[in-house]
Amino acid sequence: MSADNTHTNSQQSSDNALGSKAQEGVLELCRYGKGQHFAAEKCTQNCMIFVLKGELLVNSDEYPGTTLQGNQFILQAIGSKIELLALTDVRYLVYRFTELPIICEAEYKKILERSEAPLTYTPLITIPKLEHFLTDMADYLQEAEPFDKYIEIKCQELVYLLMHYYPLYQMITFFYPISTYTESFHYFVMQNYDKVKNVEDFAHLGGYTTTTFRRLFKNMYGVPVYEWILAKKREGILEDLQFTKQRINVISTRYGFDSLSHFAHFCKDSFGDTPRSLRKRAANGEKLSIIKTRE
């Protein structure tokens, strides 16, 4: 990156257009020179982009070929794909989050309940109160070593300004993509988790890099994807052994085991007995349970 393409953020330097991916619930200041391009990439968190100065070309499903100018802002939902190009020297703030701070819970709940897709997505304009806030934050992030607790409080203030000084109808469409992308990702996970052998296959099936998929999954479900898949596998196997008459070798194959011995070892490790013994115990009225939740 050239000398006039600099990126300042509240945690660490990064060449990612939406800030460092490892942190969330932070405000970051980004500055790039004309011509800086960031190829399309899926967002691993929800991101609000507030352009302070210059022109930024955005290309996403919601904002195809849209030029953001100073005092305009948009939201890109977790799981959405976005491409950015600095048409001029540009300066913008990114607010990255998984869940909004619980400061306006009633208002946000009302927004989600009434959320609906607009005919076309249009960038919002920063009102004076928000403009002053963003300018002050940009100055702070540029001049001071960020203090995490202060940044947390300022993120709450940002959400408060949006909820209380923008019309409800604007917020309804602004936050709509979050619910749609969350639902679509959840649907993808539930439809495919039992069809894949490992996390890499799962990620590639959805068109994600493995790293992005892991982070996206952890943000949405709160646990690593491997642990979640393993827990689902245990639940499914236990249900099949107790409540179906499927042959054991069929169950073993369905859940991706290479051999019956491997399957038997997994059952003993997870449920305390072999598949055949578990099925007999279930037939005698015993309620089976998982004795181990992780490997």
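The structure presented is a predicted model; accordingly, all values stated were derived computationally and were not measured.
With contacts defined as side-chain heavy-atom distances shorter than 4.5 Å, the pair I151/M137 qualifies. Residues R234 and E239 form no side-chain contact, since every pair of their non-hydrogen atoms from C-beta on lies 4.5 Å or further apart. A heavy-atom distance below 4.5 Å is found between the side chains of F257 and I237. Counting heavy atoms from C-beta outward, L216 and V225 have side chains that stay 4.5 Å or more apart. Residues I127 and E131 form no side-chain contact, since every pair of their non-hydrogen atoms from C-beta on lies 4.5 Å or further apart.
Counting only distance, with no hydrogens or angles, the side chain of N71 and the backbone of I125 share no donor-acceptor pair below 3.5 Å. N46 places a side-chain N or O within donor-acceptor distance of the main-chain N or O of T98, the cut-off being under 3.5 Å. Side chain of N192 to backbone of F188: a donor-acceptor contact under 3.5 angstrom is found. Counting only distance, with no hydrogens or angles, the side chain of Y255 and the backbone of G236 share a donor-acceptor pair below 3.5 Å. A donor-acceptor contact shorter than 3.5 Å links the side chain of S270 to the backbone of F266.
Listed here is the closest heavy atom pair of K81 and S60: O-CB, 3.2 Å. In terms of heavy atoms, A86 sits closest to G33 at CB-O, 3.5 Å. Listed here is the closest heavy atom pair of V223 and K218: C-CD, 3.4 Å. The two residues L84 and V58 make their nearest non-hydrogen contact at CD2-CG2, 3.6 Å. Listed here is the closest heavy atom pair of K34 and D89: N-OD1, 2.9 Å. In terms of heavy-atom proximity, L124 sits nearest to F174 at CD1-CD1, 3.7 Å.
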Worksheet item: Going through the checks in order, is the side chain to side chain contact (heavy atoms under 4.5 Å, CB included) test met by Y208 and F217?
Response: CA-CA 11 Å; Y208 301 88; F217 192 99; over 6 Å; no
Practice prompt. Carefully, step by step, assess N219 and I78 under the rule side chain to side chain contact (heavy atoms under 4.5 Å, CB included).
Written response: CA-CA 9 Å; N219 283 339; I78 187 170; 4.0 Å; yes
Discussion item. Determine whether L57 and T66 satisfy the following criterion, side chain to side chain contact (heavy atoms under 4.5 Å, CB included), listing intermediate values before the conclusion.
Written reply: CA-CA 6 Å; L57 181 65; T66 301; 5.9 Å; no
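Hydrophobic clustering, with ILVMFWY side chains joined whenever heavy atoms are under 4.5 angstrom apart, keeps L87 apart from V51. Both Y165 and F50 are members of a single hydrophobic cluster when ILVMFWY side chains are connected at heavy-atom separations under 4.5 Å.
Note: F185 and Y221 have tilted aromatic rings, judged against thresholds of 30 and 60 degrees for the angle between ring planes. Ring pair F73/Y166 is perpendicular by interplanar angle, where above 60° counts as perpendicular and below 30° as parallel.
For NZ of K233, the number of neighbouring non-hydrogen atoms (other residues, nucleotides, ligands) closer than 6.0 Å is greater than 12. In H204, the NE2 atom is crowded: over 12 heavy atoms of neighbouring residues, nucleotides or ligands sit closer than 6.0 Å.
Across N249, I251, T274, D258, a single residue satisfies side chain to side chain contact (heavy atoms under 4.5 Å, CB included) together with F263, and that is I251. Checked against R96 for a side chain to side chain contact (heavy atoms under 4.5 Å, CB included), the options Q76, M48, E28 give a single hit: E28. For the pairing with I49, the side chain to side chain contact (heavy atoms under 4.5 Å, CB included) check across L75, L56, L93 returns one residue only, L56. A side chain to side chain contact (heavy atoms under 4.5 Å, CB included) with Y63 holds for exactly one of I74, L68, I82; it is I74.
Between F213 and F202, the gap from one ring centroid to the other is short of 6.0 Å. Aromatic ring centres of F97 and F175 lie farther apart than the 6.0 Å criterion allows. Checked against a 6.0 Å centroid threshold, the rings of F133 and Y160 do not count as neighbours.
Going from atom CZ of R276 over to atom CD1 of I248 covers 4.5 Å, rounded to the nearest 0.5 Å.
For the salt bridge (Lys or Arg N to Asp or Glu O under 4.0 Å) test, no residue two or more places apart in sequence or in another chain qualifies with E83. In this view, E200 and R214 satisfy the salt bridge (Lys or Arg N to Asp or Glu O under 4.0 Å) rule, not counting sequence neighbours.
Side-chain polar atoms of T211 and T209 form no donor-acceptor pair below 3.5 angstrom. Between the side chains of Y181 and E62, at least one donor-acceptor pair of N or O atoms lies under 3.5 Å. For the residue pair S179 and T182, no side-chain donor N or O sits within less than 3.5 Å of a side-chain acceptor on the partner.
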Show me the donor-acceptor pairs, under 3.5 Å and distance only, between side chains in residues 278-291 and residues at least two apart or in other chains.
from, atom 1, to, atom 2, distance (Å)
R279, NE, L241, O, 3.3
R279, NH1, Q246, O, 2.5
R279, NH2, D240, O, 3.0
R279, NH2, T244, O, 3.0
R279, NH2, Q246, O, 3.2
R281, NE, E286, OE1, 3.2
R281, NE, E286, OE2, 3.2
R281, NH1, D273, OD2, 3.1
R281, NH2, E286, OE2, 2.7
N284, ND2, K280, O, 3.3

